[in-house]
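Labels below follow one simple rule: chain letters A, B, ... track the order of the sequence lines, proteins then strands, and each chain is numbered from 1.
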Number of protein chains: 2
Amino acid sequence: MGITKSEIFSPQQNELANFARVLGHPARIAILEHLFKINTCVCGDLVKEIGLAQPTISQHLKELKTIGLIKGEIAGTRVCYCIDEENWKEMRAILSTFLHQSLSEPDCC
Amino acid sequence: MGITKSEIFSPQQNELANFARVLGHPARIAILEHLFKINTCVCGDLVKEIGLAQPTISQHLKELKTIGLIKGEIAGTRVCYCIDEENWKEMRAILSTFLHQSLSEPDCC
DNA sequence: TTTTTATATTGCAATATTACGATAATAAAA
DNA sequence: TTTTATTATCGTAATATTGCAATATAAAAA
C-alpha cells in the first residue's frame with residue numbers, strides 16, 4: 001500500500017520518525033553539512049556543490065524547510081538559506097533522548 | 001526516478017542517511033522502544049503491541065536486523081529479538097556527531 | 001521595457017516503501 | 001505422524017520518493 005499507518009502510533013513516535021526520515025537522504029545530509037560550514041547559502045551554490053539538478057536540490061530544500069530545519073530569506077533573485085538553530089536544537093534533543101535510551105534488561109542473545 | 005544517487009555522496013554521508021532512513025518509520029521506532037523496555041521479545045509480542053500485521057512486523061524487523069541495530073536468535077518456534085548494543089552505540093555516535101555540529105558563522109536570516 | 005539571473009513549480013517516469021493475504025518453513029506438542 | 005504455533009517469504013496493490021526537463025516566477029540588470 002505504501003502508506004504509513006501513522007494513526008496507530010503516538011505523536012512522539014511520529015515526530016521522531018519524521019525527523020529521521022528527513023535526515024534519511026544523503027543529499028539532505030550534504031545540504032545540511034554545507035549549510036553548517038557556510039552558514040548562508042543560495043540554491044545555486046548547492047547545485048554546484050552537490051551535483052544534482054536544480055529542481056532536485058530545490059525540492060530537498062523545501063522538505064528541510066517544511067520540517068523547520070532550515071529557513072530561507074529572499075535576497076534579490078537569490079534565496080539565502082541557513083540552519084534554523086532553534087528548531088535544529090529541538091530536533092537534536094528529541095533524537096538524542098531516543099538515542100540515549102538505556103536497556104532495562106541485559107542483553108538476551 | 002525514485003533512485004537515490006548514492007555514488008555522488010561520501011560513504012559517511014550515505015551511512016548516516018541510511019541509519020536515519022531506517023529510524024524514519026514510526027513502526028521501527030515503536031519496535032526499538034519496546035525492545036529497550038523489554039530486551040528480549042518475540043515477533044508475536046510486537047504484533048500485539050504495535051498493531052500491524054505479522055508479515056509487516058517481520059519485514060520491519062528484517063530491516064532493523066540488516067542494518068545491525070537488532071539481533072535475533074531462534075528459540076524453538078520463536079525468535080528472540082533484542083537490541084545489538086555495540087552497533088547501537090556506533091550508530092548513536094555517528095548520528096550524535098552530525099547532530100552536534102556547530103555553526104561556523106552566525107545565523108544570517 | 002527587455003533581457004538576464006536565480007529559484008520554484010509542474011508533470012512525468014522510474015524506483016522504493018509500506019502493508020497484508022496467502023503460503024512456506026520449522027520446531028514443539030499431541 | 002499429525003497437529004499446532006510461530007516466524008519468514010512471496011506476490012501484489014497502493015502510495016511515496018527521487019530525479020529531471022520544461023516551464024513559471026520574480027527581481028535585478030541592461
Side-chain angles (χ1 to χ4, degrees), chain A residues 1-9 13-14 17-31 34-35 40-67 70-82 109, chain B residues 1-9 13-14 17-31 34-35 40-67 70-82 109:
Chain A
M1 299 162 179
I3 188 167
T4 295
K5 290 191 156 182
S6 310
E7 69 279 7
I8 67 172
F9 302 103
Q13 288 170 330
N14 281 309
N18 211 32
F19 277 129
R21 189 185 54 75
V22 170
L23 297 180
H25 192 287
R28 293 193 287 269
I29 295 294
I31 288 171
H34 196 248
L35 288 182
T40 159
C41 198
V42 295
C43 174
D45 295 351
L46 289 164
V47 172
K48 283 175 216 157
E49 179 75 17
I50 292 172
L52 288 171
Q54 180 268 323
T56 308
I57 296 292
S58 191
Q59 199 172 266
H60 284 304
L61 286 168
K62 192 181 178 185
E63 198 147 4
L64 288 167
K65 203 176 167 188
T66 299
I67 208 170
I70 65 173
K71 47 189 175 177
E73 239 175 39
I74 293 162
T77 52
R78 306 180 165 207
V79 178
C80 156
Y81 280 107
C82 61
C109 323
Chain B
M1 297 161 179
I3 187 165
T4 295
K5 289 191 158 182
S6 311
E7 69 279 7
I8 68 173
F9 303 103
Q13 287 169 332
N14 282 311
N18 211 32
F19 277 129
R21 188 185 57 74
V22 170
L23 297 180
H25 193 287
R28 293 193 287 269
I29 295 294
I31 287 171
H34 195 249
L35 287 182
T40 160
C41 198
V42 295
C43 173
D45 293 353
L46 289 164
V47 171
K48 282 176 215 158
E49 178 75 18
I50 292 173
L52 288 170
Q54 180 268 324
T56 308
I57 296 292
S58 191
Q59 201 172 265
H60 284 303
L61 286 169
K62 191 181 178 183
E63 198 148 4
L64 289 167
K65 203 177 167 187
T66 299
I67 208 171
I70 65 174
K71 47 188 175 177
E73 239 177 40
I74 293 163
T77 52
R78 306 177 166 208
V79 177
C80 156
Y81 281 107
C82 62
C109 323

Can you identify which nucleotide, out of dT18(C), dC20(D), dT7(D), has its nearest atom closest to the Ala53(A) side chain?
dC20(D)

Let me spell it out: for each of Gly24(A) and Leu61(B), pick the nucleotide of DNA chain D with the closest heavy atom. Which residue's pick is nearer the 5' end?
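Taking each residue's closest nucleotide, the earlier one in sequence belongs to Leu61(B).
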
Between Thr77(A) and Arg28(A), name the one whose nearest nucleotide on DNA chain D is closer to the 5' end.
Arg28(A)

What is the distance, to the nearest angstrom, from the [atom1] atom on [X] to the [atom2] atom on [N]?
X	N	atom1	atom2	result
Asn18(B)	dT18(D)	CG	P	13 Å
Leu46(A)	dA8(C)	CG	C1'	15 Å
His25(B)	dT15(D)	NE2	C1'	12 Å
Ile70(B)	dA8(D)	CD1	C1'	14 Å
Glu73(B)	dT26(C)	CD	C1'	17 Å
Asp45(A)	dT5(C)	CG	P	16 Å
Ile8(A)	dT18(C)	CD1	C1'	12 Å
Ile3(A)	dT12(D)	CD1	C1'	17 Å

Just checking [X]: base, sugar-phosphate only, or nothing, at a heavy-atom cut-off of under 4.0 Å?
X	answer
Leu52(B)	sugar-phosphate
Ile57(A)	nothing
Thr4(A)	sugar-phosphate

Using a cut-off of strictly less than 4.0 Å, decide whether [X] has a side-chain nitrogen or oxygen near OP1 or OP2 of [N].
X	N	value
Thr56(B)	dT18(C)	no
His60(B)	dT17(C)	no
Arg78(A)	dT7(C)	no
Ser58(B)	dA8(D)	yes
Tyr81(B)	dT6(D)	no
Arg21(B)	dA16(C)	no
Lys62(A)	dT7(C)	no

So for Gln59(A) and dA8(C), does any side-chain atom that can act as donor or acceptor lie under 3.5 Å from a complementary atom in the base?
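When only heavy-atom distances are counted, Gln59(A) does not reach the base of dA8(C) through any donor-acceptor pair under 3.5 Å.
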
Are Asn18(A) and Arg21(A) side-chain neighbours, meaning at least one heavy-atom pair lies under 4.5 Å?
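Side-chain contact under 4.5 Å: yes.
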
Could you walk me through whether Cys43(A) and Val79(A) pass the side-chain contact (heavy atoms from CB on, under 4.5 Å) check?
CA-CA 7 Å; Cys43(A) 174; Val79(A) 178; over 6 Å; no

Which label fits His25(A) and Phe9(B): parallel for a plane angle under 30°, tilted from 30 to 60°, or perpendicular past 60°?
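Aromatic pair His25(A)/Phe9(B) classed perpendicular.
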
Contacts of Gln54(A) and Ser6(A) projected onto DNA chain C by closest heavy atom; the upstream (5') one is Gln54(A)

Compare every heavy atom of Tyr81(B) with every heavy atom of Leu61(B), then report the nearest pair and how far apart it is.
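That closest heavy-atom pairing would be CD1-CE1, 3.5 Å.
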
Tell me whether Ile8(A) at atom CD1 has more than 12 heavy atoms from other residues, nucleotides or ligands lying less than 6.0 Å away.
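Enclosed.
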
Kindly compute the distance separating CD1 (Ile70(A)) from CG (Leu64(A)), expressed to the nearest 0.5 Å.
4.5 Å

